[in-house]
Amino acid sequence: MSTISEIVNLKKHPIIKSNKYISNCNTKLINNSILQLDDFLTDKSLHLIQKEALNLKKRAFYCSQKHTILLNKKNSKISNKDPCNREMISDKGCVPHDLIPKKSILNSLYKSKEFKIFLNKILNIKNIYPYKDKLSSINYNYYEKKQQLGWHFDNASFAITLMIQSPNSGGVFQYTNKGRNYEKNYLNKNYIGNIINNKKKPTSLNVKPGTLLLFYGRNYLHRVTPVRSKKPRILVTLNYNVEKGVELSLNARKTFFGRIK
C-alpha cells in the first residue's frame with residue numbers, strides 16, 4: 001500500500017504537519033463554501049490513477065437519469081414553473097468500489113489515517129466512516145461527449161472529489177452557495193429559479209487533474225455542464241459518512257452501478 005507522502009503533494013499541501021495550513025483550509029471552506037486544492041496529488045500518483053481509470057473504463061456502468069434539483073421524480077401535480085419540479089438530466093459511467101484493485105492508490109488514500117484526520121479537522125466533525133456496502137465508498141465517474149450532471153443538491157452533507165482527467169471542451173463544474181440552508185429548512189425558489197433559467201450566473205471552477213475538491217453539496221446547488229469533446233471527463237468521488245454502518249440505498253445502487261451487490 002502506498003504511503004500518504006507518496007500520494008499527496010505534501011510540499012504544497014502539508015496536511016499532516018501544519019496546523020496553520022489545516023486552519024487555513026477550514027477558513028476557506030467556511031468562507032467560500034468550497035475548498036479547491038490544486039496539485040493535491042503527486043505527479044506519480046496522478047499518473048498511476050489516470051492509468052487505472054482508463055483500464056477500468058470498459059467496466060463502467062452507464063446510466064441516464066431524469067430528476068429534480070432535490071433528486072426526486074417530477075411530480076405531475078406540481079406546476080412546471082416550480083424550480084423544485086423542473087426536470088434535469090444526469091448521465092455518466094460509474095465504476096463501483098469493488099472493481100477498484102485493493103492495491104490501488106485510491107484505497108490507500110481513502111483509508112489513510114492522516115487523510116481522515118485532515119478531513120475531520122477541516123469539516124469540524126469527530127469522525128468519518130466508509131459505506132457498509134461494497135460498491136459506494138470510492139467510485140470512478142466518466143462523462144463522455146454530451147454527458148452531464150444536471151443541477152441538483154446532494155443528499156449527503158459534503159462531497160469530496162479528485163479530478164483525474166479534464167475534457168478538451170465542456171464538462172465545467174458550476175455552483176452557487178446561495179439559495180438553500182438545509183439545516184434551517186430554507187429554500188429560496190426565486191433565486192434558484194433564476195440560476196437554472198440562466199438569469200443569474202453561477203460560479204464556474206477550472207478544475208485541473210490532480211485537484212481535490214471539497215464542498216457542502218447539500219446546501220449548494222451544482223452541476224457539470226455537458227462534455228463537448230471526445231476526451232471524457234474523469235473524476236473520483238471519495239464517499240464517507242459521519243455514522244457507522246450506512247449503506248447506499250438499493251435503488252441508488254441499482255441506478256448507478258446496475259446491481260445492488
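Only a predicted model underlies this, so the values are computations on that prediction, with no experimental measurement involved.
One finds no salt bridge joining Asp133 and Lys261 here, because no Lys/Arg side-chain nitrogen approaches an Asp/Glu carboxylate oxygen to under 4.0 Å. Glu52 and Lys103 are not joined by a salt bridge, as no carboxylate oxygen comes within less than 4.0 angstrom of a charged side-chain nitrogen.
For Phe61, the CZ atom sits in a packed shell: over 12 heavy atoms of surrounding residues, nucleotides or ligands are nearer than 6.0 Å. Remark: Lys231 NZ is packed, more than 12 non-hydrogen atoms of other residues, nucleotides or ligands lying under 6.0 Å away. Other residues, nucleotides and ligands contribute more than 12 heavy atoms inside 6.0 Å of the NZ atom of Lys58. Atom CG of Asn31 has more than 12 heavy atoms from other residues, nucleotides or ligands within 6.0 Å. Few gaps surround NZ on Lys12; more than 12 heavy atoms of other groups in view lie less than 6.0 Å from it. With a 6.0 Å radius and a threshold of 12 heavy atoms from other residues, nucleotides or ligands, Asn55 has its CG atom above the threshold. Annotation: Lys178, atom NZ; neighbour count of heavy atoms from other residues, nucleotides and ligands within 6.0 Å does not exceed 12. At most 12 heavy atoms of other shown residues, nucleotides or ligands fall within 6.0 angstrom of atom CD in Glu243.
Of the inter-residue distances, the one linking Leu205 atom CG with Tyr175 atom OH reads 5.5 Å to the nearest 0.5 angstrom. Here CG of Leu221 is found 7.0 Å from CD1 of Ile195. Values are rounded to the nearest 0.5 Å. Note that OG1 of Thr225 is 11.0 Å distant from OH of Tyr143, once rounded to the nearest 0.5 Å. The CD1 atom of Ile196 lies 8.0 Å from the SG atom of Cys84; values are rounded to the nearest 0.5 Å.
Applying the side chain to side chain contact (heavy atoms under 4.5 Å, CB included) criterion to Lys244, with sequence neighbours excluded, gives Tyr129.
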Quick one: do Ile69 and Met88 satisfy side chain to side chain contact (heavy atoms under 4.5 Å, CB included)? Show the steps, please. CA-CA 7 Å; Ile69 60 171; Met88 306 294 166; 4.0 Å; yes

Check the pair Ile22 / Phe118 against side chain to side chain contact (heavy atoms under 4.5 Å, CB included), numbers first and verdict last. CA-CA 7 Å; Ile22 295 173; Phe118 168 68; 4.0 Å; yes

Criterion side chain to side chain contact (heavy atoms under 4.5 Å, CB included) on Leu29 and Leu123, from CA distance to verdict: CA-CA 8 Å; Leu29 180 60; Leu123 288 165; 4.0 Å; yes

List the steps and the verdict of side chain to side chain contact (heavy atoms under 4.5 Å, CB included) for Ser136 and Arg253. CA-CA 8 Å; Ser136 310; Arg253 275 181 271 164; 4.1 Å; yes

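Both Ile164 and Val8 are assigned to one and the same hydrophobic cluster, defined by single-linkage of ILVMFWY side chains at heavy-atom distances under 4.5 Å. Linking Ile, Leu, Val, Met, Phe, Trp and Tyr residues whenever their side-chain heavy atoms come within less than 4.5 Å places Leu48 and Tyr110 in a single cluster. Both Ile105 and Ile138 sit in one connected hydrophobic cluster of ILVMFWY residues. Membership requires side-chain heavy atoms under 4.5 Å apart, directly or through other members. Note on Leu35 and Leu10: same hydrophobic cluster, where clusters join Ile, Leu, Val, Met, Phe, Trp and Tyr whose side-chain heavy atoms are under 4.5 Å apart, directly or indirectly. Hydrophobic clustering keeps Val236 apart from Phe256 (ILVMFWY residues linked when any side-chain heavy atoms are closer than 4.5 Å, directly or through intermediates).
Contact annotation: the side chain of Asn239 approaches that of Asn139 to within less than 4.5 Å [non-hydrogen atoms, C-beta and beyond]. Counting only heavy atoms from C-beta outward, the side chains of Lys189 and Asp82 approach each other to under 4.5 Å. A heavy-atom distance below 4.5 Å is found between the side chains of Arg218 and Arg180. Using a 4.5 Å cut-off on side-chain heavy atoms (C-beta onward), Phe257 and Leu99 make no contact. Contact annotation: the side chain of Pro232 approaches that of Lys57 to within less than 4.5 Å [non-hydrogen atoms, C-beta and beyond]. In this structure the side chain of Gln50 never reaches within 4.5 angstrom of the side chain of Ile234, judged on heavy atoms. Residues Asn177 and Thr203 are not in side-chain contact: their nearest non-hydrogen atoms beyond the backbone lie 4.5 Å or more apart.
Remark: the backbone N or O of Ser108 is not paired with any side-chain donor or acceptor of Ser112 at under 3.5 angstrom.
Residues in residues 86-101 take part in these salt bridge (Lys or Arg N to Asp or Glu O under 4.0 Å) pairs, two or more places apart or across chains: Asp98-Arg259.
Nearest approach of Asn181 to Lys184, heavy atoms of both residues: OD1-N, 3.0 Å. In terms of heavy atoms, Arg233 sits closest to Val227 at CB-CG2, 4.0 Å. Between Leu235 and Met163, the shortest heavy-atom distance links the atoms CB-CA, 4.2 Å. Here the closest non-hydrogen pair linking Pro101 and Asn107 is O-ND2, 2.8 Å. Pairing each heavy atom of Val172 with each of Ser204, the nearest pair is CG1-CB, 3.9 Å. What you find for Phe153 and Leu70 is that their closest heavy atoms are CD1-CD2, 3.8 Å.
For the side-chain contact (heavy atoms from CB on, under 4.5 Å) with Gln36, the lone residue among Asn32, Ile34, Asp38 that qualifies is Asp38. Of the residues listed (Lys66, His67, Gln65, Arg223), the one engaging Ser90 in a side chain to side chain donor-acceptor pair (under 3.5 Å) is His67, and it is the only one.
Side chains of Thr68 and Asn85: a donor-acceptor N/O pair is absent below 3.5 angstrom, by distance only. Judged purely by distance below 3.5 Å, without hydrogens or angles, the side chains of Glu144 and Tyr62 pair a donor atom with an acceptor atom. Residues Lys74 and Asn80 have side chains that bring a donor and an acceptor to within less than 3.5 angstrom of each other. In summary, the side chains of Asn251 and Ser249 do not present any donor paired with an acceptor at a separation below 3.5 Å, with no hydrogens or angles considered.
No close placement of the Tyr240 and Phe158 rings is indicated, their centers lying 6.0 Å or farther apart.
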